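Here is the structure we will look at.
This one's a predicted model, so the numbers in the text were calculated from it and none came from an experiment. Computed from heavy atoms alone, side chains included, the values below leave out hydrogens, waters and symmetry copies.
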Amino acid sequence: MAQTFLKLDTGVTGTLPNANFSGGKIGQVVHTKNTTYRSITSNSFVECISVTITPSATSSKILVLNSAHLHKRDNDTDIIERMYRVVGGSDTATQVLSDVTGDTGNSDTLDLGFSATQFYDTPSSVADITYSYRIASYANNSQVRYNNYNANGSFSSQMTAMEILA
């Protein structure tokens with residue numbers, strides 16, 4: 001297939017041919033914003049934010065975007081993140097995300113972080129699907145925080161799920 005280039009700086013006008021592309025259209029978008037502060041001292045995963053979407057076809061794909069404001073209070077821990085897919089009450093860890101804050105080497109130092117994650121899912125289902133973002137403290141009894149407070153109030157985190165049609 002030959003390539004055609006348009007030089008926009010010369011003022012060329014005209015109509016481009018239709019693309020022979022039918023997939024990849026967005027069927028629906030579900031979005032949520034969360035400003036709830038959570039203090040977690042457990043190495044068990046705690047849900048911080050979730051979004052539920054119902055695909056219109058089994059061939060649909062789901063793109064999940066998540067942004068979270070995280071903070072670790074103690075030097076001897078890391079924050080562990082996971083994304084879960086929940087269908088019919090049964091949850092599956094779909095993506096194990098890496099630690100978002102490392103050891104600073106100074107017990108008086110507080111680490112703040114921002115985590116942006118994405119997950120492309122092929123659920124092959126038309127049932128309600130909940131995507132759940134959960135965090136835990138790597139070391140039990142060491143504090144990690146979600147949407148930590150500052151002088152201006154709470155930070156916010158967001159999650160978006162988009163259905164990509166076949």
Side-chain angles (χ1 to χ4, degrees), residues 26-165:
I26 304 296
Q28 61 179 309
V29 176
V30 181
H31 177 80
T32 189
K33 181 179 178 179
N34 183 320
T35 58
T36 303
Y37 167 75
R38 302 290 306 259
S39 173
I40 298 162
T41 56
S42 171
N43 58 7
S44 297
F45 286 92
V46 175
E47 181 178 288
C48 295
I49 192 169
S50 66
V51 67
T52 300
I53 191 167
T54 306
S56 60
T58 57
S59 58
S60 293
K61 312 296 187 243
I62 306 294
L63 177 61
V64 182
L65 306 171
N66 183 65
S67 63
H69 184 271
L70 303 172
H71 176 241
K72 92 175 180 165
R73 176 79 179 149
D74 298 320
N75 189 54
D76 60 347
T77 193
D78 286 332
I79 301 170
I80 303 172
E81 317 170 80
R82 288 200 180 153
M83 184 74 69
Y84 285 79
R85 178 198 311 130
V86 183
V87 181
S90 174
D91 60 347
T92 305
T94 58
Q95 187 174 24
V96 178
L97 307 168
S98 62
D99 298 348
V100 295
T101 55
D103 187 356
T104 62
N106 180 347
S107 61
D108 295 331
T109 302
L110 305 179
D111 286 336
L112 295 173
F114 183 78
S115 173
T117 56
Q118 54 188 331
F119 175 63
Y120 187 72
D121 195 13
T122 55
S124 299
S125 175
V126 293
D128 287 354
I129 301 170
T130 299
Y131 293 95
S132 170
Y133 172 78
R134 304 174 191 182
I135 65 172
S137 174
Y138 182 75
N140 207 18
N141 298 319
S142 292
Q143 187 181 54
V144 297
R145 297 174 181 171
Y146 176 81
N147 288 338
N148 192 48
Y149 290 104
N150 69 7
N152 299 318
S154 178
F155 289 100
S156 67
S157 298
Q158 300 182 46
M159 181 181 270
T160 303
M162 293 184 278
E163 179 185 14
I164 313 297
L165 303 174

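At a cut-off of 3.5 Å, with distance as the only test, a side-chain donor of Tyr37 or Arg145 sits close to an acceptor on the other residue. Side-chain atoms of Thr35 and Asn147 form no donor-acceptor pair, as typed in the model, at a separation below 3.5 Å. Between the side chains of Thr160 and His31, a donor-acceptor pair is found at a separation under 3.5 Å. No donor-acceptor contact under 3.5 angstrom links the side chains of Tyr133 and Glu47, judged on distance only. Defined by atom type and a distance below 3.5 Å, a donor-acceptor pair is missing between the side-chain atoms of Gln28 and Ser56. Residues Ser39 and Gln143 have side chains that bring a donor and an acceptor to within less than 3.5 angstrom of each other.
Side-chain contact between Ile49 and Asn66 is present, with at least one heavy-atom pair separated by less than 4.5 Å. Considering only heavy atoms from C-beta on, Ile135 comes within 4.5 Å of Tyr146 through its side chain. The side-chain heavy atoms of Thr32 and Gln158, taken from C-beta on, include no pair separated by under 4.5 Å. Residues Val64 and Gln118 form no side-chain contact, since every pair of their non-hydrogen atoms from C-beta on lies 4.5 Å or further apart. Between Met162 and Leu65 the shortest side-chain heavy-atom distance falls below 4.5 Å. Between His71 and Val144 the shortest side-chain heavy-atom distance does not fall below 4.5 Å. Between Thr54 and Ile129, the closest side-chain pair of non-hydrogen atoms is not below 4.5 Å. Counting heavy atoms from C-beta on, the side chains of Glu163 and Ile26 never come closer than 4.5 Å.
Nearest approach of Cys48 to Asn34, heavy atoms of both residues: O-ND2, 2.9 Å. Nearest heavy-atom pair across Ala161 and Val51 is CB-CG1, 3.8 Å. Heavy-atom minimum distance, Ile62 versus Pro55: CD1-CG, 4.1 Å. When every heavy atom of Leu70 is checked against every heavy atom of Ser115, the shortest pair comes out as CD1-CB, 3.9 Å. Of all heavy-atom pairs between Ser60 and Pro123, the closest is O-CD, 3.8 Å. When all heavy atoms of Met159 and Ser132 are compared, the closest pair comes out as CE-C, 4.5 Å.
For the side-chain contact (heavy atoms from CB on, under 4.5 Å) test, residues two or more places apart in sequence or in another chain that qualify with Thr52 are Asp128, Thr130.
With Tyr131 as the aromatic partner, Arg85 does not meet the cation-pi criteria of under 6.0 angstrom to the ring centre and within 45 degrees of the ring axis.
Separating the OG atom in Ser156 from the NZ atom in Lys33 is a distance of 4.0 Å, to the nearest 0.5 Å. Within the model, atoms CG of Asp121 and NZ of Lys61 stand 9.5 Å from one another, a figure rounded to the nearest 0.5 Å.
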